[in-house]
Each structure stands twice: as C-alpha cells, then as structure tokens.
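Right, one structure below, let's go through it.
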Amino acid sequence: MRTIRRLLVANRGEISVRVLRTARELGIGTVAVFAESDAGGIHVERADRAASLGAGSVAETYLSIPKILEAARSSGADAIHPGYGFLAENADFARAVEAEGLVWVGPPAGAIEAMGDKLRARARMREAGVPVVPGSDAGAKDPADLAREAERLGYPILVKASAGGGGKGMSRVDRPADLRAAVEEAMRIAASAFGDDSVYLEKLLERPRHVEFQVFADQRGNTVHLFERECSVQRRHQKIVEETPSSALSPALRGAMGEAAVEAARAVGYIGAGTIEFLLDTDGRFHFLEANTRLQVEHPITEATLGIDLVRWQLEVARGADLPSDWTEGRLSPRGHAIEMRLYAEDPVDFLPRAGTVLEWIEPAGPGVRVDSGVAAGSEVSLEYDPLLAKIVARGEDRPAAVERALRALDELVVLGVETNRPLLAAVLRSEEFRSGAYDTDLVSRLPREETSPAPPAAWIAAALALSGKAPSGAPAASARDPWESGDRWRPGESAG
Amino acid sequence: MRTIRRLLVANRGEISVRVLRTARELGIGTVAVFAESDAGGIHVERADRAASLGAGSVAETYLSIPKILEAARSSGADAIHPGYGFLAENADFARAVEAEGLVWVGPPAGAIEAMGDKLRARARMREAGVPVVPGSDAGAKDPADLAREAERLGYPILVKASAGGGGKGMSRVDRPADLRAAVEEAMRIAASAFGDDSVYLEKLLERPRHVEFQVFADQRGNTVHLFERECSVQRRHQKIVEETPSSALSPALRGAMGEAAVEAARAVGYIGAGTIEFLLDTDGRFHFLEANTRLQVEHPITEATLGIDLVRWQLEVARGADLPSDWTEGRLSPRGHAIEMRLYAEDPVDFLPRAGTVLEWIEPAGPGVRVDSGVAAGSEVSLEYDPLLAKIVARGEDRPAAVERALRALDELVVLGVETNRPLLAAVLRSEEFRSGAYDTDLVSRLPREETSPAPPAAWIAAALALSGKAPSGAPAASARDPWESGDRWRPGESAG
Amino acid sequence: MKGIRLESRGEGREVLLENGNALLDGTAHSFREIRRGGSLVALELDGTVVPVRVARQGDRAFVWCAGDVFEVRRPAGRTARARPAGGEPHAGLVAPMPGRIRKTLVQTGEEVAKGQVVVVLEAMKMEHAIRAPQDGVITKLRHREGDLVDAGTVLAEIS
Amino acid sequence: MKGIRLESRGEGREVLLENGNALLDGTAHSFREIRRGGSLVALELDGTVVPVRVARQGDRAFVWCAGDVFEVRRPAGRTARARPAGGEPHAGLVAPMPGRIRKTLVQTGEEVAKGQVVVVLEAMKMEHAIRAPQDGVITKLRHREGDLVDAGTVLAEIS
C-alpha cells in the first residue's frame with residue numbers, strides 16, 4: 001500500500017472542486033493549482049493550499065507538465081489527480097508524475113497510449129473480441145487510398161483523427177466529391193491539435209445511440225463494470241444530457257455490453273476508473289467507439305444510482321486497495337434513475353460559446369438534486385477554458401420522477417450576465433422523443449424550434465427599476481443587490497446596524 | 001382516487017420550499033402563503049402563486065385557520081399540506097380543511113388527537129402492547145397526588161404537559177423539594193401554550209438514546225415502517241444532529257422496534273407519514289415516548305438512505321394510492337449512511353436564539369450533500385419564527401464517510417451577519433463519543449469546551465479592507481460584494497460593459 | 001417623472017414608474033417591490049407575486065422571470081447598438097463568436113464562391129469555418145491569422 | 001495613510017494597509033487581494049492563499065476565515081460598545097437574548113434568593129427563566145410584562 005498525504009489536482013473549475021472535496025473527506029491534504037488570470041477561480045478556495053502556475057496561456061499553465069510538477073514539489077504533494085481534459089489522457093504526463101516519485105491517480109501510461117491512438121485501440125479491441133465500428137484500420141494519407149476505402153465502406157462515412165477524441169477533428173462526408181476537403185481539414189486540425197495528422201475512415205452509423213459503460217479495475221487485476229450511461233443527447237458531437245439506466249438496453253444486452261467493456265479494459269491492462277464508449281445501431285448491435293482513460297464528466301449519475309463515490313475509489317485503488325467485495329461479487333445494483341444536464345455558456349440557438357461576467361448565480365437544490373459548479377457569482381467566463389458552467393444532476397425514484405425533478409431544477413436555476421444553453425436543456429427534457437426513451441444522437445436536430453417569447457410586464461418593470469437608477473460615475477453597477485442600483489428605501493443591515 | 005390539482009402549503013421557510021418542490025415535480029399547481037412581514041421569505045418564490053395572509057403576529061397569520069382557508073379559496077387550491085409546526089398537528093385544522101371539501105395531506109384528525117394527548121396516547125399504546133416509559137397515567141393537578149406518584153416512580157422524574165410535545169413545558173426534578181415549583185411552571189406553560197394545563201410525571205431514564213421510526217400507511221390500511229433515525233444529539237431537549245442507521249440497534253432490536261412502531265400506528269388508525277419516538281434505556285429496552293403525526297424535520301436522512309421521496313408518497317396516499325409494493329413487501333432496505341445537521345441561528349455557547357440579517361450565505365454542495373435552506377443572502381432572521389436556518393444532510397457509503405462528508409460540508413458553509421451553531425455541530429462531529437457511535441442524549445453536555453481562537457492575520461486584514469472604506473452616507477453597506485465597500489479597482493461588468 | 005425607453009428581443013417599451021404604478025406603453029399596472037436584503041426578488045404585479053431577478057451591466061439589464069432570461073437595453077448611442085444581441089442571426093462574413101483567427105484561406109482580390117470557407121475561427125479549442133455568404137471578390141481582409149476578434153466583428157468584405 | 005483600530009474577541013489590533021503591505025501592531029505582512037466580481041474571496045498572504053469572506057454592517061465587519069467567523073469592530077463610540085458581542089458571558093439580571101417579557105415573578109422591594117426566578121423571558125415560542133445571581137432585594141424593575149427587550153437589556157436591579 002502506498003500512502004497519499006497530499007494530493008495535487010492538476011485541473012480547474014468544477015472537476016477540480018469535485019476531486020478536492022472527496023480528498024478532503026478522506027483526510028488527504030489538498031493542493032489546487034491556478035493560472036494567474038484564474039486566481040479567482042472557485043477551485044482555488046477549496047484546497048488547503050493553492051499553487052500559482054504563473055501567467056500565460058493554457059499551454060503555459062494547466063497544460064505545462066514542468067509547471068505542474070514544480071507546483072507539486074513546492075507544495076509538498078505526493079500524488080496528482082488530473083481530473084478530465086488538460087493532461088488527463090497524456091501518457092507522458094503520467095510517466096513524468098511517476099518518474100518524479102509521485103502517486104499517479106489514473107491508469108497506467110501504457111493503457112492511456114493503447115486507447116489514445118484510435119487505430120491501435122480498434123485493432124486491440126478486435127483482437128480481444130470486442131466488436132468495433134466498421135472502418136479502415138490503417139492511417140492512410142494518400143487521398144486515392146482513402147477514396148477506395150470510403151467506396152468499400154459506403155457513404156456516408158466519418159473522417160476521424162487517429163489521435164483525436166470527443167468529436168474533435170471529426171467530419172461527416174456524404175459524397176466522394178467532399179472527401180478530399182474533409183480529409184485535408186481533418187489532417188490539419190489533427191496536426192495542430194494532436195501533433196499527429198494521421199486520419200482514418202469509419203462507416204457512419206445512421207441514428208445510433210451512444211451508450212458508455214463505467215469500468216473500474218484495481219492493481220490486483222479485479223476488473224468490473226459499474227453499469228451504463230446513456231449519452232445520446234448531443235449537439236456538435238458533444239454530450240449535453242446523460243442518463244442512467246439507458247432505456248435502450250435489455251438485461252441481456254446490458255450484460256453483453258458490460259462484459260465487452262470489462263474485456264476492453266482487461267485487454268489494455270487497465271487500472272482505476274475508465275469509460276468504454278459504444279455505438280448502438282438501429283438493429284440493436286453494439287460497436288466499440290473509444291475509451292476515455294480518466295474520470296468521466298458525467299460520472300455523477302453513476303454515483304447517484306449506485307450510491308458510491310467514484311473519486312474515493314480512484315484514490316483507494318491508487319493507494320493499492322482492492323475494489324469493494326460487493327462490486328467484485330456483483331452485489332451492487334442501480335437504484336432509481338439519474339439525469340445529468342450540462343449547463344454551458346453558449347448561444348442557445350447556434351450552440352456557439354459565449355464569454356462574459358456571471359452577474360447573478362443561483363443554483364437549484366433540495367431533494368435529489370446535485371450541482372457541481374465551475375463558477376459562482378462574479379466569475380468571469382473566458383474563452384480560454386471549457387464553457388461548462390455547471391453539471392446539474394437530478395435523481396428520482398424512477399425515470400419520469402427524475403425527468404420532472406430535472407425540469408424543476410432548471411426552473412430554480414438563475415444565471416444572469418452570460419447566455420446559457422438552459423433553454424435547450426429544457427426543450428430536450430420536455431420533448432416527447434426524450435420522454436419516450438426511444439431517441440438517438442440526432443435528437444437535438446429534431447427538436448421543435450422554440451419560439452422566444454417577448455418580455456412580460458414584470459421583466460420590463462424590473463429592468464426599469466435597475467436601469468432608471470443612475471450608475472455610479474465611472475463604472476457600471478454589479479447587480480440589483482447593490483443598494484445604490486436598486487433604488488429602494490430599505491437597506492440591508494439597517495435594522496441591525 | 002381523489003385528484004389534487006393545486007396544493008397550498010400552510011407553512012413557511014425550508015419545509016414549505018421542500019413540499020412545494022415535490023408538488024411541482026408531480027405536476028401539481030402550488031400555492032405559498034406568507035405574512036406581510038415575511039413577503040421576502042424564500043418560500044414565496046417557489047410556488048406558482050403566493051397568497052398573502054395579511055399583517056400581524058404568527059397567531060394572526062400562519063396559525064390562523066380562517067386566513068389559511070381564505071387563502072385556499074382565493075387561490076383555488078384543492079388540497080393543503082401543513083408541513084411541520086404551526087397547524088400541522090392541529091386536529092381542528094385537519095377537520096376544517098376537510099369540511100371545506102379540500103384534501104388534507106396528513107393523518108386523520110382522530111389519529112392526531114389520539115397521539116396529541118400524551119396521556120391518552122400512553123394508555124392506547126399500552127393497550128396495543130407497546131412498552132411505554134414508566135410514569136403516572138392520570139393528569140393529576142393536586143400537588144399531593146403528584147408527590148406520591150413521584151415517590152412511587154423514584155427521582156429523578158420528568159414533569160410533562162399532557163398536551164405538550166417536543167420538550168415544551170417539560171422539566172426535570174431531582175428532589176421532592178423542587179417538585180411543586182416545577183409542576184406549577186409546567187402547568188402555567190402548558191396552559192399558555194396548549195390551553196390545557198394538565199401535566200403528568202414520567203420516570204427519568206438516565207443517559208437514554210432517542211431513536212425514532214418512520215411509519216407510513218395508506219388508506220387501505222397497509223402500514224409499514226421505513227427504518228429508524230437516531231436523534232440522541234440534543235441541546236435543550238431539541239435535536240441538532242440526526243443519523244440513520246442507528247449504531248444502537250441490532251437487527252433483532254430494529255425488527256422489534258419497527259414492529260412496535262407499526263403497531264402504534266395501527267392502534268390509532270394512522271394514514272400517511274408519521275414518526276414513532278422511542279427511548280432506549282441503558283439496558284437496551286425501548287419505551288414509547290411520543291408520536292409526531294406529520295412530516296418530520298429530519299425526514300431527509302430517511303430519503304437519503306432509501307432513495308425515496310416521502311413527500312411524494314404523502315401526496316400519493318392523500319390521493320388514495322396504495323404504498324409501493326417494495327415497501328409493503330419488505331424489499332426496501334437502507335443503503336449507506338446519512339447524517340442531518342440542523343443549522344440554527346443561535347449563540348454557540350449558551351444555545352440561545354439570535355436574530356439578525358444574513359449578509360452572506362454560501363451553501364455547501366457536491367457529492368452526497370443536500371441542503372434544505374430556510375433563508376438566503378439578505379434574509380432577515382426574526383424571533384417571530386423558528387431559528388432553523390438550514391438542514392444540511394450528508395450521505396456516505398458508510399458511517400465514517402458520512403461523518404467526514406458532513407464536516408466537509410460545514411467547512412464550505414459561510415454564514416455572515418447572524419451567529420449560528422456551526423461550531424457546536426462541528427464539535428459534535430469531531431467528538432470521540434459521537435464517532436464511536438456509543439452516545440446518548442447527554443452527549444452535548446459532555447463535549448469538551450472549545451477554546452475560541454483569536455482572529456488570524458487574514459481576518460484582520462479582510463476586516464480592515466471592508467471597514468476602511470467610507471460607508472455611503474446615510475446607510476451601512478451590504479457586504480464586500482458592494483463595489484463601493486470593497487475598495488477595489490476592478491469592477492464587475494467593466495470588462496464586458 | 002419621465003419614462004424611459006427600453007428594448008428587448010427586438011421590441012420596445014416606454015416605461016414610466018411612479019409610486020407603485022407602472023405605465024408600459026400607456027398600459028397601467030400596479031406593482032409592489034418585494035426585496036430581500038436590498039435585492040429585488042419578486043414583484044407583486046396587479047395582485048400577483050411574480051419572482052424576478054435583475055442584474056445591471058452598464059446600459060443593459062438582465063432579467064430572470066418565470067425561468068426565462070431577458071436582456072433589456074436602454075438605448076444609449078452607438079456603443080450599445082454595436083454590441084451584438086444574443087440569438088440574433090449572424091450577418092455574412094462576421095465572427096459568430098469571440099475567438100482567434102486560426103487560418104485565412106483567401107487573399108484580397110481573390111474570387112470566392114458562395115459557401116466557400118474564407119476564414120477558420122478557433123474558439124474553445126474548436127474550429128469553425130466561416131463561409132462566403134455569396135459569390136464575389138474579396139475586397140478587404142480585416143485581420144491577420146492569430147488575431148483575437150470579438151463576436152460581430154467583420155472579418156472580410158466581399159463585393 | 002493612517003492605520004485603523006480594530007477589535008475582535010476581546011483583542012485589539014492597529015491595522016495599517018499600504019499598497020500590498022499590511023502592518024498588524026507593527027508586524028509586516030505582504031498580501032494580495034483575490035476578488036471575484038468585486039467580492040474579496042481570498043487573500044494571498046505572505047505567499048499563501050487564504051480564502052476569506054467579509055461582510056460589513058455599519059462599524060462591524062463579519063469575516064469568514066478557515067471555517068471560523070470573526071466579528072471585527074471598529075470602535076465608534078457608545079453605539080458600538082452598547083451592542084453585546086456574541087459569545088460573551090451574559091451579566092446577572094440581563095436579558096440573555098432579544099425577546100418578550102412573559103412574566104415578572106417579583107415586585108420592587110421583594111427579597112429574592114440566589115437562583116430564584118425573577119423574570120420569564122419568551123423567545124422563539126420558548127420560555128427562559130431569568131434567575132437572581134445572588135440573594136438580595138429588588139430595587140428596580142425596568143420593564144412590564146409584554147415588553148420587547150433586546151439582548152443585554154438590564155431587566156431588574158438587585159441590591
């Protein structure tokens with residue numbers, strides 16, 4: 001057993017806070033890191049210590065292996081959790097952390113690499129007997145080869161970056177004429193984003209469902225799955241609503257996919273928490289899509305239905321503990337239904353990211369609602385970072401109860417100053433297609449276009465109250481909480497002052 | 001089956017919000033009521049409609065049956081949920097609601113009365129074969145009779161108001177000399193508080209544990225228990241920390257107490273959600289203490305370990321639905337451990353209530369933490385109402401995890417402007433006695449007196465920053481959120497303004 | 001007391017507030033402010049309590065009301081109008097969001113076909129192709145690769 | 001720039017703040033304000049980040065720091081001192097909290113024994129017996145039954 005006395009979380013925002021919370025509960029000392037421009041970030045307050053990564057871009061701070069390691073040395077950390085994104089799936093980082101003599105809270109570098117290269121991963125899965133999406137398995141660069149390959153698979157096809165992930169550098173091609181441009185753009189993006197311009201083709205499955213399985217393995221080789229997460233509600237190839245259980249899985253199919261997920265993890269000698277993503281085609285066949293070798297954004301819905309703390313077990317496994325016997329002996333089963341909604345700072349119509357200042361921030365709460373936030377009132381939402389503002393998770397006794405609870409949570413949410421995708425999330429939850437459970441990754445494109453209603457009288461009056469007051473010279477005012485803006489007579493504190 | 005189209009919640013604060021949330025999730029229209037002085041209360045915002053009860057004292061508003069019924073008429077409500085406190089255990093109110101043709105979301109008036117009179121309840125329980133605390137079973141008023149009764153029971157004894165509850169009008173007497181004064185004070189309090197001055201004596205059990213069982217019954221007579229809640233952490237006879245499961249119960253004892261609780265409910269023809277309170281003596285024998293014929297303050301810990309929504313089933317049962325089969329067939333079992341901490345506005349040393357303005361309010365959040373709040377930033381805490389600010393519930397995979405999570409939640413909590421019992425709650429959770437699980441109702445009195453530490457440098461500097469800025473003429477400032485107080489250069493909105 | 005002119009979602013209102021009464025384009029409403037610690041949390045409007053939240057930023061007010069958020073502006077000259085309103089359709093060769101110009105695929109004087117990619121804009125580590133709205137000739141390229149541009153910025157002109 | 005005098009929990013400090021440096025009773029600390037939307041959320045103090053929250057109310061500042069809350073006062077004459085500080089022991093026949101006088105059990109001139117209940121104070125619908133701190137004679141009763149009294153109010157005098 002290795003001991004962890006002080007954990008550095010090499011991340012920011014909600015996932016940094018998420019990990020710091022559990023570490024604190026385990027009695028482990030905590031270290032947050034921050035870029036100078038991000039010193040007001042909410043994760044900075046959640047650790048025993050906060051180490052500055054200095055000024056500069058993301059590449060010079062949260063993505064800088066030397067800066068992270070230096071922060072670990074200066075703060076006396078003996079372990080590093082990468083969260084998701086940034087360096088989480090960077091095998092070199094994993095090796096550097098261990099070379100430094102620190103505990104790496106993540107899978108072995110070898111497993112990260114094996115899954116990180118999509119072509120290698122596909123090959124490895126096929127060997128392991130895990131079905132993969134039909135496609136080309138050589139990172140061809142010659143347009144002619146790719147064209148022949150595409151003809152063989154049959155259009156429409158997907159062009160993907162071998163080193164990519166999360167839909168990055170991926171594009172759909174419907175006819176041969178568009179193939180060349182798509183391949184070139186994919187290679188350029190792949191080169192700039194991953195430093196590897198090899199791409200490959202995949203048969204595009206029409207109206208698929210995106211269902212992933214949580215896997216977990218300890219250092220002794222015990223490998224289990226912790227059931228599925230349905231991730232088919234997407235826009236721009238990115239998930240916005242996830243739920244578990246999935247309405248698409250029969251007990252038999254769930255069993256088969258779970259076994260395949262465990263096989264996939266074993267095939268690369270996986271240790272810790274990981275996710276195996278599958279595509280489910282309209283004939284009910286499943287195909288390995290990719291693996292995420294880290295804690296998944298949507299892990300809270302698994303925690304909600306299983307009543308467990310996945311980050312706790314990431315740390316326990318990193319210390320050398322075995323998985324709990326009720327996991328390995330199959331005594332753990334989901335209870336109820338959970339839905340996660342990703343609140344993004346973006347234009348609700350064209351889904352494009354938005355920046356701004358969060359002037360008002362009120363989170364939903366109460367029974368069955370969990371909110372993991374990356375911002376608070378006053379936060380600056382910048383284009384430098386992921387536009388995820390918060391993850392709102394609703395758990396209910398059954399699926400209908402979870403859906404209604406999720407909508408209730410959206411009713412309680414107040415975000416002013418930055419546009420969010422709240423209207424889109426509400427539209428998804430209200431849609432007949434989502435409620436039926438029989439939906440696929442094209443759900444969002446089929447949503448009825450919502451009419452934006454004009455402001456009601458109360459909104460005009462509230463705005464007039466806020467705007468008719470003269471702004472203090474030289475600066476716009478923060479919010480109606482500022483008594484000098486609100487123009488009211490009673491003032492906070494007066495009664496007791 | 002009766003339908004409920006619009007529910008009026010005859011309450012305020014956190015419990016009103018709690019009930020309104022579930023009603024909304026069930027698609028039921030909602031009505032909040034408010035005293036004029038309480039128009040800024042957080043429950044007012046959580047309903048589709050809010051009906052004013054006019055100006056005046058609690059007796060003239062939240063306790064006024066005519067005003068509540070008038071609010072129901074004017075808002076078109078067809079059902080009333082009383083929450084806890086106020087009119088929740090008032091049989092006349094239950095009858096008036098039904099006489100008005102409205103659905104009463106609570107037990108039958110007869111059951112409220114049977115349990116409301118402590119002497120009658122004790123008699124009824126003994127008939128039903130439920131063990132009760134040794135004591136006098138006649139509401140004697142003649143001091144001589146009471147003195148003889150006390151001698152028979154043996155000192156120390158408790159003087160209790162027959163119509164009382166929740167420790168109100170209760171006092172401990174250690175020697176005959178003090179009996180008369182105690183009885184007179186109890187009678188006076190009972191007369192003023194309950195309009196009934198009859199009192200009785202109970203043998204005082206030394207170092208008891210206070211363990212209650214959640215019971216639930218539908219209109220068809222299905223009656224079940226939903227396991228226990230350990231409520232021994234008290235100050236001034238009031239609970240401040242509750243947990244489930246209780247470390248004091250063996251499976252056999254849990255079974256026996258559960259059966260007794262179900263018997264107690266059946267004995268009075270109970271319907272809906274109720275709580276049977278027991279005292280567990282040092283010999284491991286349990287004795288019926290009293291019944292609470294309403295939703296219990298600490299119900300969320302039962303919801304946390306069972307994954308159910310008790311308010312949902314109060315409403316379902318009121319509509320005539322049967323209890324779920326997994327309840328009646330015993331397939332429901334607790335998972336994990338949950339702890340509730342009651343955050344009160346009070347002096348942490350002498351436990352006396354405090355009033356004031358909440359200048360800053362930051363709630364804990366994240367995995368396994370649920371907060372049901374009765375206030376928000378800016379709220380006025382008045383002596384008119386219960387000093388409960390919030391209920392903070394922490395659920396963990398096991399008891400140690402829940403305890404650490406509860407402490408983590410207290411670390412995240414920020415309340416400025418009103419003194420709270422946060423230090424006491426933290427002291428309880430940190431105490432060896434609580435952690436051992438082997439504690440009783442005297443735990444708080446045995447806590448090591450905490451040394452209050454002097455302010456650290458950061459506190460002095462932060463205070464200087466806030467106080468050195470000149471307050472705008474004529475009014476004290478709200479908080480450092482007010483840019484005119486914070487004395488900083490950067491101002492919210494400037495970057496985007 | 002004179003009223004103020006407000007705009008939101010392409011609509012305008014003349015709003016006059018006077019001791020508990022509001023005139024919206026001449027229509028009268030009685031209202032009462034419900035505040036908590038100085039913050040407006042609800043309006044009692046014609047006898048009905050309506051929860052609201054409002055935050056001011058310069059000449060803009062953001063209002064939360066019935067789950068929806070409205071951006072209300074008090075027209076104050078050019079600076080206000082220059083700011084693009086959320087949800088409005090994005091004009092031709094204009095940056096649809098703030099970001100960095102990753103690549104410029106044409107040169108001044110070059111002919112472009114409708115739909116042809118002219119500029120690649122990078123934001124949130126994702127790339128977005130900005131295409132020509134119609135056939136034409138690039139008469140002006142306003143920015144270099146690597147430039148940071150705000151939403152609504154004209155990236156190129158086409159004759 | 002001159003320093004200000006502050007008091008908290010019976011201690012006093014002379015605090016002088018000048019461009020990033022703080023003098024506490026002469027001891028120097030370097031600090032940086034970390035703010036979010038104008039609110040102070042942390043101090044970088046001598047190189048260490050310390051989360052704080054502060055709210056001002058008149059001449060008092062409430063400071064949250066490391067889970068503890070400190071009430072810090074800037075002495076400003078009698079009004080400030082008259083306010084009872086939380087946690088301070090409550091003196092003899094003084095209202096320990098704000099409330100309503102429910103019952104007065106003695107009369108002026110009456111002899112009382114130490115521990116005898118003199119006044120019953122009601123707050124939060126609960127009753128609290130206020131007892132005589134020592135044997136003596138009631139020389140003055142300051143209030144009537146039904147009066148609302150603030151914390152720290154002297155209810156009766158005993159000679």
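Both backbone and side-chain heavy atoms feed into the values below; hydrogens, waters and symmetry mates do not. Treat the numbers as computed from the prediction; the structure is a model and nothing was measured. Here is how names work: the chains are called A, B, and so on, in the same order as the sequence lines, proteins then strands, and each is numbered from 1.
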Applying a strict 4.5 Å limit to non-hydrogen atoms, the region of B:Ser453 in contact with chain D is both
Bottom line for B:Leu410: the part with an atom under 4.5 Å from chain D's heavy atoms is neither
In terms of heavy-atom contacts, does CZ of B:Arg180 have more than 12 from other residues, nucleotides or ligands at under 6.0 Å? no
Review point. When you look at CD of B:Glu60, are more than 12 heavy atoms from neighbouring residues, nucleotides or ligands closer to it than 6.0 Å?
Key: yes
Grab the two heavy atoms, one from [X] and one from [Y], that are nearest each other, plus how far apart they are.
| X | Y | answer |
| --- | --- | --- |
| B:Pro454 | D:Glu11 | CB-OE2, 3.5 Å |
| B:Ala458 | D:Val52 | CB-CG1, 4.2 Å |
| B:Arg422 | D:Gly67 | CZ-O, 3.1 Å |
| D:Arg9 | B:Thr452 | NH1-CB, 3.8 Å |

Output the distance between atom [atom1] ([X]) and atom [atom2] ([Y]), rounded to the nearest 0.5 Å.
| X | Y | atom1 | atom2 | answer |
| --- | --- | --- | --- | --- |
| D:Leu17 | B:Trp460 | CG | CH2 | 13.0 Å |
| B:Ile362 | D:Arg53 | CD1 | CZ | 4.0 Å |
| B:Glu360 | D:Trp64 | CD | CH2 | 10.0 Å |
| B:Leu416 | D:Glu71 | CG | CD | 11.0 Å |

Quiz item: Sub-3.5 Å donor-acceptor pair from the side chain of D:Arg74 to the main-chain atoms of B:Leu467, do we have one?
Solution: yes
Any non-hydrogen side-chain atom of D:Val54 less than 4.5 Å from a side-chain atom of B:Leu465? no
Sort [X] into side chain, backbone, both or neither according to what part of it lies under 4.5 angstrom from a heavy atom of chain B.
| X | answer |
| --- | --- |
| D:Arg13 | both |
| D:Val69 | side chain |
| D:Asp68 | side chain |
| D:Leu6 | both |

Sorted by chain and number, sequence neighbours left out, side chain to side chain donor-acceptor pair (under 3.5 Å) with B:Asp411 holds for none
Hits for side chain to side chain donor-acceptor pair (under 3.5 Å) against B:Arg408, two or more places apart or cross-chain, chain-then-number order -> A:Glu25, B:Glu412
Residue from B:Ala355, B:Pro423, B:Ala462 scoring the most non-hydrogen pairs under 4.5 Å with chain D is B:Ala462
